[in-house]
Chemist: 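Structure incoming, see below.
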Amino acid sequence: MLTAGLYAVAVEAAPGVPSTDALTSATGIRLVTFTLVGGLIGMYASRNRLLVDDLRDHASRDFVTGLGNARAFDEEISRRCTAGEQFALVLADVDELKGVNDVHGHVAGNAVLKRVGEALRQHAEPGDFVARIGGDEFALLTSLPAGQIVALAARVNRSLDPDGCSVTFAATSHPEDGQAATELFHKADDRLFAAKLIRQNRATVVALSVASGT
């Protein structure tokens, strides 16, 4: 419409052209033509923008759980570290997922991952970021203090107990445990590994006690 208007103004301003030629049937045809062309361009541009946004969203989402993926997690933790925010990085590892995959297949394993993802998202606070960053590993970025993180982990495992699955947790805090994302992650991963060993040793002791009848 603006293009048609500018054309009419140009005709009006042109020397030697009668002013009656500015608004004619041809001007109306140009108005309709330019408006249709502009509308089509706008429609395709809008569809393209939606497609790009959709592709960007898929590129940052885990295809099994619908949570953020490792790429989105890296971007979010780097952003929080750069901003100097106080937050905790919580790693959550699904217990015995390999056994589920081996015995019941990957469909059952994916169902466990979906359930764990739902539980983490359900119990996370508004503003927290939850992602699946590995095969059986999830990450939570939260502003909760250490004591409340322990309570959150207990709530998540209670909600998973009826489904016969559980999760081992470990956490680090920014900036107390490190300033950089890699430092925070490595410390949390070391603590998670230690927590998994303790859990496995405890389960072994219980199994031996039951077997010996003590």
Side-chain angles (χ1 to χ4, degrees), residues 60-70 72-77 79-81 83 85-101 103-104 106-178 181 184-207 209-210:
S60 62
R61 295 237 169 242
D62 174 56
F63 71 97
V64 175
T65 63
L67 299 173
N69 59 16
F73 166 75
D74 288 340
E75 292 176 354
E76 181 63 18
I77 192 172
R79 184 194 67 78
R80 295 191 183 209
C81 287
E85 297 181 17
Q86 265 197 324
F87 67 92
L89 163 61
V90 183
L91 294 183
D93 188 273
V94 183
D95 299 324
E96 302 301 331
L97 181 64
K98 185 179 183 301
V100 174
N101 287 329
V103 175
H104 303 288
H106 287 280
V107 173
N110 286 344
V112 171
L113 290 171
K114 288 179 183 178
R115 181 67 190 95
V116 171
E118 289 171 1
L120 289 170
R121 184 162 40 198
Q122 176 185 353
H123 293 285
E125 295 292 313
D128 288 353
F129 180 83
V130 186
R132 179 183 172 221
I133 58 174
D136 57 359
E137 194 166 76
F138 292 79
L140 168 68
L141 298 174
T142 178
S143 57
L144 288 174
Q148 293 186 35
I149 291 173
V150 174
L152 180 145
R155 290 197 302 272
V156 169
N157 274 320
R158 278 199 301 271
S159 68
L160 293 173
D161 189 59
D163 300 296
C165 54
S166 62
V167 180
T168 301
F169 290 87
T172 51
S173 298
H174 179 273
E176 292 85 353
D177 291 315
L184 289 170
F185 183 84
H186 287 316
K187 285 186 177 180
D189 200 43
D190 288 342
R191 293 174 184 177
L192 182 64
F193 180 73
K196 294 286 285 188
L197 284 179
I198 292 171
R199 191 183 189 102
Q200 290 169 3
N201 290 340
R202 187 178 299 152
T204 301
V205 169
V206 171
S209 298
V210 171

Chemist: Is there a side-chain contact between Arg191 and Asp177 in this structure, where contact means two heavy atoms from C-beta onward sitting under 4.5 Å apart?
Modeler: yes

Chemist: Would you say the side chain of Leu184 lies within less than 4.5 Å of the side chain of Cys81, judging by non-hydrogen atoms?
Modeler: yes

Chemist: Mark yes when over 12 heavy atoms from residues, nucleotides or ligands other than Glu76 sit less than 6.0 Å from its CD; otherwise mark no.
Modeler: yes

Chemist: How far does CD1 of Ile133 sit from CG of Asp74, to the nearest 0.5 angstrom?
Modeler: 8.5 Å

Chemist: How long is the gap from CG on Leu67 to CG on Asp62, to the nearest 0.5 Å?
Modeler: 6.5 Å

Chemist: How close do Arg158 and Pro162 get, heavy atom to heavy atom, and via which atoms?
Modeler: O-CD, 3.4 Å

Chemist: A side-chain contact here means heavy atoms from C-beta on lying under 4.5 Å apart; do Asp189 and Phe193 qualify?
Modeler: no

Chemist: On a heavy-atom basis, which atom in Ala139 and which in Leu91 lie closest, and how many Å separate them?
Modeler: CB-CD2, 4.0 Å

Chemist: With distance as the sole test, does Asp161 use its side chain to make a donor-acceptor pair with the main-chain N or O of Ser166 at under 3.5 Å?
Modeler: no

Chemist: Look up atom CD in Glu85 and atom CZ in Arg79, then write down how far apart they are to the nearest 0.5 Å.
Modeler: 5.0 Å

Chemist: Could you walk me through whether Phe138 and Val167 pass the side chain to side chain contact (heavy atoms under 4.5 Å, CB included) test, one step at a time?
Modeler: CA-CA 10 Å; Phe138 292 79; Val167 180; over 6 Å; no

Chemist: Using side-chain heavy atoms (C-beta onward) and a distance below 4.5 Å, is Phe185 in contact with Ile77?
Modeler: no

Chemist: Can you list, pair by pair, the side-chain donor-acceptor contacts under 3.5 Å of residues 114-127, counting residues two or more places apart and other chains?
Modeler:
| unit_1 | atom_1 | unit_2 | atom_2 | d |
| --- | --- | --- | --- | --- |
| Arg115 | NE | Asp163 | OD2 | 2.8 |
| Arg115 | NH2 | Ser159 | O | 3.2 |

Chemist: Determine which pairs satisfy ring-ring contact (aromatic ring centres under 6.0 Å, His included) with at least one residue from residues 149-178, sequence neighbours left out, and list them in order.
Modeler: Phe87-His174

Chemist: Looking at CG of Leu141 and CZ of Phe73, how far apart are the two atoms once the value is rounded to the nearest 0.5 Å?
Modeler: 5.5 Å

Chemist: Considering only residues two or more places apart or on different chains, which pairs with a residue in residues 134-155 satisfy side chain to side chain donor-acceptor pair (under 3.5 Å)?
Modeler: Asp128-Thr142

Chemist: Does a donor on one side chain and an acceptor on the other come within less than 3.5 Å for Thr168 and Asp95?
Modeler: yes

